[in-house]
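Only one structure is covered here, and it is reproduced in the block below.
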Amino acid sequence: MKAYDHKKIELKWQKEWEKNKIYNAPDKSPKPKYYSLIEFPYPSGDGLHVGHPRPYIGMDVISRKKRMEGYNVLYPIGWDAFGLPTENYAIKTKQDPRVVTIKNVKNFTRQIKSLGISFDWSREINTTDPKYYKWTQWIFLQFLKKGLAYKDKIAINWCPVDKIGLANEEVVAGCCERCGSPVEKREKEQWMLRITKYADRLDKDLDTVDFLPHIKLAQKNWIGKSEGAEIDFKIGKNMVKVFTTRPDTIYGATYLVLAPEHELLSKIKSEVTNWNEVQMYQLAAKAKNELDRTKEDKDKTGVELEGVTATNPATGEPIPVWVADYVLANYGTGAIMAVPAHDERDLEFAKKFNLPVVEVVTPDGILINSGRFDGLKALETKQKITDFVGGESVTRFKLRDWVFSRQRYWGEPIPVIHCADCGIVPVPEKDLPVELPKVKNYEPTEDGESPLANISKWVNVKCPKCAGKATRETDTMPNWAGSSWYYLRYTDPKNSKAFADKKKLDYWTPVDWYNGGNEHTTLHLLYSRFWHKFLYDLKLVPTSEPYKKRTSHGFILAQNGEKMSKSRGNVINPDDIVARFGADTMRMYEMFMGPFDQAIAWSEEAIIGPRRFLERVWVMGARVNEAPQAQQNRVRVGAPGERVKRRDFAVPATLNKLIKKVTEDIDSMKFNTAISSLMIFSNEKSDSISKEEYEIFLKLLAPFAPHMTEEIWHALGNKSSITLAPWPKYDPNIVSNEEIKIVIQVNGKVRGEILALPDVAEEALKAQAMALPAVAKHIQGLEIKKMIYVKGRLINIVI
RNA sequence: GCCCAGGUGGCGGAAUUGGUAGACGCGAUAGACUCAAAAUCUAUUGUUGGCAACAACAUGAGAGUUCGAUUCUCUCCCUGGGCACCA
């Protein structure tokens with residue numbers, strides 16, 4: 001074999017694999033299925049930087065290993081191609097976003113293929129393909145049919161720069177997630193999806209899936225389930241409902257607070273003697289945007305409603321009523337009973353406005369000042385007190401309904417028609433997809449209407465119901481729509497009769513392992529779980545959860561630890577790395593550089609390490625290949641005196657250990673330590689290795705460096721791909737019969753070591769230990785208090 | 001403010017039922033090869049003192065439990081990320 005030349009090897013095998021379709025997953029197989037998934041990329045004009053492929057490589061290692069372990073592995077790829085950057089780029093360069101998308105996809109495809117990722121390219125999908133978004137629209141119509149899609153005039157988050165409505169999830173600290181400009185509130189008719197109807201199940205079913213704990217936690221916090229009670233308080237002739245999670249503290253409720261937007265205020269207007277002041281406060285609160293509210297640092301403000309009082313239903317005492325914006329109109333009932341003794345915010349407010357504070361719970365959780373409930377444990381009395389005051393136990397969530405419409409061009413058209421007589425009419429299924437018309441100008445309008453609104457030819461249609469004059473909906477869907485169900489389409493990407501065939505869904509779903517970014521935990525991951533549950537309720541998918549297991553990866557940062565971005569000019573292009581070092585080296589380095597789930601800075605210097613390792617493996621392969629046949633087949637290990645058949649290769653203990661280590665490390669995504677143990681093995685075995693041992697070693701390396709291992713594998717005379725070779729098995733019962741090191745400590749400090757067989761007698765070992773000169777020196781003339789022996793590990797002599 | 005993750009050599013990082021801290025890799029130093037350089041190979045490489053044997057110190061800081069703590073407990077500091085008046 002010649003010197004290791006990645007340029008010759010890598011392209012050759014990529015073509016060969018593609019030709020033989022070895023990564024294409026058949027829909028029928030005697031093998032058990034395994035569905036591994038990565039978040040499909042958004043094909044931007046900038047192409048890949050070295051950070052993008054990290055998750056693809058990680059899941060590729062897992063997918064390759066699973067294939068070798070005998071699974072029918074589905075590892076698909078596609079494009080989440082609708083979205084603002086492409087649209088903005090199209091506007092700027094006056095091109096059709098379709099053309100831009102095709103160009104970008106082509107570039108991404110070339111880049112990803114150059115890395116030797118074992119994707120099944122025959123199942124490639126694209127969310128902007130009308131054949132795909134036909135089904136996105138179809139699913140939307142099912143939501144509409146079930147009353148889960150509705151139109152509502154709401155105050156939406158409006159980005160004045162991008163000219164687009166944003167979901168709550170897309171507003172970061174009062175600013176647009178994309179462009180960073182402050183978000184305004186605008187009243188607008190918007191399509192909404194009733195995700196809140198699924199809040200409880202989205203929360204509860206987290207217990208049934210294998211997601212990393214921090215992912216579950218983030219989802220739980222976002223859904224924000226809290227159990228409490230709604231209790232009526234009398235204000236004059238009117239009643240006001242408050243929501244509380246601590247009904248047990250009601251005896252300490254010394255005042256009541258309404259949100260500035262609370263509807264009761266206008267009803268009791270005439271009874272309030274300082275109405276002018278209250279009205280001023282309402283107006284001031286309305287003028288505040290998200291950013292102001294955040295900036296104000298929680299400095300409490302409020303106005304007392306003079307002339308009215310509320311009645312505490314537990315004590316029967318009158319309490320003052322206040323209006324304050326620390327109470328939110330859109331959570332709970334927009335009104336609270338304030339218990340300053342046991343709530344920080346209420347206490348802050350009470351202090352500022354000199355309101356009474358009554359303690360009702362002792363530090364050890366016992367009720368006081370609570371009438372007939374005195375002496376009971378507070379938390380256990382919630383239900384009793386709720387019943388006593390005629391309240392009702394309820395569960396509330398922070399999760400809001402999902403704002404589903406965008407006033408943009410480059411998205412799926414929402415498939416409904418507005419008719420003056422019939423109202424909102426869904427586009428009949430036979431007319432799907434509602435295709436995006438070609439337009440001259442993609443620019444959004446100042447008044448916030450979609451560019452589609454200007455195309456009268458497309459907008460004006462006949463009503464499907466009454467055939468009268470009607471207009472199309474011109475809003476499009478957010479880019480989260482297409483990604484909410486794409487993993488289902490992979491199971492049957494070309495189906496024109498359904499989003500996927502039932503049998504194929506039954507076979508492939510759920511996804512066995514889904515790896516993705518943490519930034520999608522409360523967005524994409526939650527949305528797709530919601531869509532999946534909805535489809536499950538319609539009996540269209542076989543499981544209630546889409547993903548069995550979810551893990552996440554850390555980002556790759558620029559050399560200086562900053563985020564990699566075009567604007568900072570610190571982007572490292574994988575094309576350069578592949579050209580200089582090869583795809584295998586790049587793959588190895590990305591897996592070796594640090595823990596997979598942690599962010600890490602790219603290093604231009606350190607990448608040479610994995611390359612050197614691969615070169616050593618290559619040289620070793622050449623040596624094995626050139627060794628005489630007899631030596632290649634020699635059997636190196638067997639019990640003493642035992643006759644070992646030539647073909648029965650007994651795996652030596654060190655290799656057995658390596659198999660175990662690499663197997664377990666890949667399963668738990670500890671790729672860095674898997675590679676390090678491969679390096680250790682090759683360092684130890686650089687002088688002498690049998691062909692059998694070397695081939696096992698190659699197989700362990702194959703998921704990381706598929707091209708090079710394939711080349712050597714064939715050079716060694718193997719005819720089929722190493723990709724399909726069986727994964728090496730380890731014997732958990734093999735124990736090394738080599739001598740092991742026992743460390744000798746005196747008072748916890750290492751003073752020497754003894755080589756001994758694992759089953760050596762304890763007493764003999766202790767005697768030997770004390771006799772060691774270095775040990776004897778430290779225990780001389782001192783009383784030995786005790787000796788601790790940890791089997792096979794150490795002896796500690798305490799003096 | 002609350003929640004989550006983390007803090008170990010010059011650098012990335014290893015080390016879990018508590019048992020040799022610094023594996024593996026990068027970098028650095030010296031040597032071999034070479035006319036020379038690169039590449040490669042060999043050796044050394046936590047800090048301090050010492051020619052050395054060796055000794056002391058060392059996992060963000062401080063305490064505690066233990067024969068023994070990077071690992072467990074408590075208090076605090078710092079970094080990154082998330083949430084942000086959710087009653």
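In what follows, every chain begins at residue 1, and chains take the letters A, B, ... in the order their sequences are listed. We use all heavy atoms of the structure for the numbers below, so side chains are in, but hydrogens, waters and symmetry mates are not.
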Protein-nucleotide distance ([X], atom [atom1]; [N], atom [atom2]), rounded to Å:
X: A:R400; N: B:C83; atom1: CZ; atom2: P; value: 14 Å
X: A:W602; N: B:G25; atom1: CH2; atom2: P; value: 19 Å
X: A:I608; N: B:A28; atom1: CD1; atom2: C1'; value: 16 Å
X: A:R580; N: B:A39; atom1: CZ; atom2: P; value: 13 Å
X: A:L256; N: B:A87; atom1: CG; atom2: C1'; value: 12 Å
X: A:W222; N: B:C83; atom1: CH2; atom2: P; value: 6 Å
X: A:K216; N: B:A5; atom1: NZ; atom2: P; value: 15 Å
X: A:E348; N: B:C2; atom1: CD; atom2: P; value: 14 Å

Categorize [X] for me: base, sugar-phosphate, or nothing, with a 4.0 angstrom heavy-atom threshold over every strand shown.
X: A:I336; answer: base
X: A:L794; answer: base
X: A:P595; answer: sugar-phosphate
X: A:K785; answer: nothing
X: A:T521; answer: nothing
X: A:R611; answer: nothing
X: A:R396; answer: nothing
X: A:Q745; answer: base
X: A:N683; answer: sugar-phosphate
X: A:S603; answer: nothing
X: A:L217; answer: sugar-phosphate
X: A:I675; answer: nothing
X: A:N672; answer: sugar-phosphate
X: A:V798; answer: sugar-phosphate

Check every atom of [options] against the side chain of [X] and return the nucleotide holding the closest atom.
X: A:R612; options: B:A87, B:G6, B:U40; value: B:U40
X: A:N221; options: B:C3, B:C26, B:G12; value: B:C3
X: A:D325; options: B:A87, B:C85, B:A14; value: B:C85
X: A:M679; options: B:A87, B:C4, B:G25; value: B:G25
X: A:V790; options: B:A23, B:G25, B:G19; value: B:G19
X: A:V750; options: B:U20, B:A15, B:C57; value: B:U20
X: A:I600; options: B:G25, B:G13, B:G19; value: B:G13
X: A:I788; options: B:A87, B:A15, B:G19; value: B:G19
X: A:R751; options: B:A55, B:C41, B:C26; value: B:A55
X: A:N796; options: B:U20, B:A23, B:G68; value: B:G68

Next on the checklist: Using every non-hydrogen atom in the two residues, find where A:G252 and A:P340 come nearest and quote the distance to one decimal.
Outcome noted: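 Taking every non-hydrogen atom into account, O-CD, 3.9 Å.
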Next on the checklist: For a quick test of reading the model, state the closest non-hydrogen atom pair linking A:V242 to A:T333 and the distance between them.
Outcome noted: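 So the minimum-distance heavy-atom pair works out to CA-OG1, 3.3 Å.
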Checklist entry - With respect to the phosphate group of B:A87, does any side-chain polar atom (N or O) of A:Y326 fall under 4.0 Å of OP1 or OP2? => result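 Answer is no, no contact under 4.0 Å.
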Checklist entry - Is there a side-chain polar atom (N or O) of A:T673 under 4.0 Å from OP1 or OP2 of B:G13? => result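 Result: no.
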Quick one: does [X]'s side chain get under 4.5 Å of [Y]'s, heavy atoms only?
X: A:M770; Y: A:M787; answer: yes
X: A:T709; Y: A:F704; answer: no
X: A:T196; Y: A:W402; answer: no
X: A:R246; Y: A:L379; answer: yes

Which nucleotide, in any strand shown, forms a Watson-Crick or G-U wobble pair with [N], with both distances under 3.5 Å?
N: B:U79; value: B:A5
N: B:U42; value: B:A30
N: B:C74; value: B:G62
N: B:A15; value: none
N: B:G50; value: none

In whole Å, what separates the [atom1] atom of [N] from that of [M]?
N: B:A23; M: B:U70; atom1: C1'; result: 15 Å
N: B:G9; M: B:U45; atom1: C1'; result: 10 Å
N: B:C33; M: B:A15; atom1: P; result: 40 Å
N: B:G7; M: B:U73; atom1: P; result: 15 Å
N: B:G10; M: B:C3; atom1: C1'; result: 35 Å
N: B:U47; M: B:A63; atom1: C1'; result: 25 Å
N: B:G68; M: B:U20; atom1: C1'; result: 12 Å
N: B:A56; M: B:C2; atom1: C1'; result: 44 Å

Item to check | Neighbour count >12 (heavy atoms, 6.0 Å) for atom NZ, A:K234 | outcome: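 No - once you tally the heavy atoms of other residues, nucleotides and ligands closer than 6.0 Å, there are 12 at most.
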Checklist entry - Salt bridge check: are A:E348 and A:K352 linked by an N-O gap of less than 4.0 Å? => result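 Looking at A:K352 together with A:E348, the answer is no, because their closest N to O distance does not fall below 4.0 Å.
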Next on the checklist: I'd like to know if A:K657 pairs up with A:E664 as an ion pair, taking the criterion as any Lys NZ or Arg NE/NH1/NH2 lying under 4.0 Å from an Asp or Glu carboxylate oxygen.
Outcome noted: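 A:E664 and A:K657: not salt-bridged.
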Next on the checklist: As a test of the definition: with a 90° window around 0 for syn, would you call B:G9 syn or anti?
Outcome noted: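 Here the answer is syn: the torsion falls within 90° of 0.
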Item to check | Check: A:D210 side chain, A:K549 main-chain N or O, donor-acceptor pair, under 3.5 Å | outcome: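 Pair absent, no side-chain N/O of A:D210 close to backbone of A:K549.
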Checklist entry - For RNA chain B, whose closest nucleotide is more 5', that of A:K786 or that of A:T333? => result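 Nearest-nucleotide comparison on RNA chain B picks A:K786.
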Checklist entry - Given that A:K749 and A:F592 both sit by RNA chain B, which one's nearest nucleotide is further toward the 5' end? => result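 It is A:F592, whose closest nucleotide lies nearer the 5' terminus.
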